[in-house]
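No experiment lies behind these values; they were computed from the predicted model shown. For the single chain, residues carry numbers from 1 onward in sequence order.
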Amino acid sequence: MRDERKVTWRREIAELAALFLAVGLAHLLATLLGHTDPGPVVLVGLGVALIAGAAIHKRLGRGRRRAPLPVGQGAGPPMTLWRIRMRVVERPGRLAAVAGAFGGLGCNILALHIAPTGGSAITPAGCDALDEFVIEAPRGLATGALAKALTGAGGHDVVIVPARVKDLTDPGVHALVLAQRVGADPGRLPEALAELLRGARVEWRLPGDTVQEGAGLNTTMVISVDPGRALLARRPELPFTPTEAARAAALTAAATHGRYIVSGSPSPAPPASHG
């Protein structure tokens, strides 16, 4: 933008100088001719020449203008958001190797959360961690190739599921916002839990209802609301972590403190069938 302004000012100054020069030459020529009859003719001729020169200069200037860049040039290929979770042994350089695997496939890391794996998944040395990435990857990249590259970089139990823009929100900030929501309206607890657990299906459970774990370990979670009622969360495609269980319990406590049980039953969703 600044370069264009400089060119415009220079052009205007040059045209103004040419105008002054033309008027001066015309006056000098008219004086030399002794103000005889050819004087006005010379002035008119110089004016016509000046106008023609300005028109030619304008046309040439248009030809020298740079062609505008096409919209979207340099934007790169279309990308897809993925949410990736895997267990990584915490050793010096291990995370760098994982990042290198992403970079080698043209992926960009947008978010990273690290949590202890919990339970028997922790090695005797206590150095395993559960890493969760939100990345953007080339649309044509197969999940199988991505999982193979991450396994080769030191990842274990790699799980890849589609991600949303909401997954880029910091989990701690997101939990605080949801706590405020259920504090103001405790009846929205199931909805808030489903949003907190990102993609989980949440439904009411009554005493005596059986819970089937499903095909994957830790893919269901029961959150107690009061002695006579609980909420069941299911996410078959992505197991729950101990950190997510702690956040769900804290959010439920916030709803309980907000007097979730006022009088009688709070019109829950129909309970799931047994089995």
A99: side-chain contact (heavy atoms from CB on, under 4.5 Å) partners, not counting sequence neighbours: I109
Non-neighbouring partners of E191 that pass side chain to side chain donor-acceptor pair (under 3.5 Å), sequence neighbours left out: R188
Non-neighbouring partners of A137 that pass side-chain contact (heavy atoms from CB on, under 4.5 Å), sequence neighbours left out: W82, C107, I135, L141
Throw together a table of side-chain donor-acceptor distances under 3.5 angstrom for residues 152-161, partners on residues two or more places apart or in other chains.
residue	atom	partner	partner atom	Å
D157	OD2	R87	NE	3.4
D157	OD2	R87	NH2	3.4

Salt bridge (Lys or Arg N to Asp or Glu O under 4.0 Å) partners for R83, two or more places apart: E132, E244
Pairs flagged by salt bridge (charged side-chain N to carboxylate O under 4.0 Å, His left out) wherever residues 135-151 is involved - sequence neighbours left out: none
Residues clustering with L81 (ILVMFWY side chains joined when closer than 4.5 Å, directly or via others): L110, V134, V165, L168
Qualifying salt bridge (charged side-chain N to carboxylate O under 4.0 Å, His left out) pairs, either residue in residues 106-115, two or more places apart: none
Connected-component partners of L176 among ILVMFWY, side-chain separation under 4.5 Å: none
Cluster companions of M79 among Ile, Leu, Val, Met, Phe, Trp, Tyr (side-chain spacing under 4.5 Å): none
Qualifying side chain to side chain donor-acceptor pair (under 3.5 Å) pairs, either residue in residues 163-176, two or more places apart: H174-E195
Ring pair (Phe, Tyr, Trp, His ring centres under 6.0 Å): pairs with one or both residues in residues 87-115, sequence neighbours excluded: F102-F133
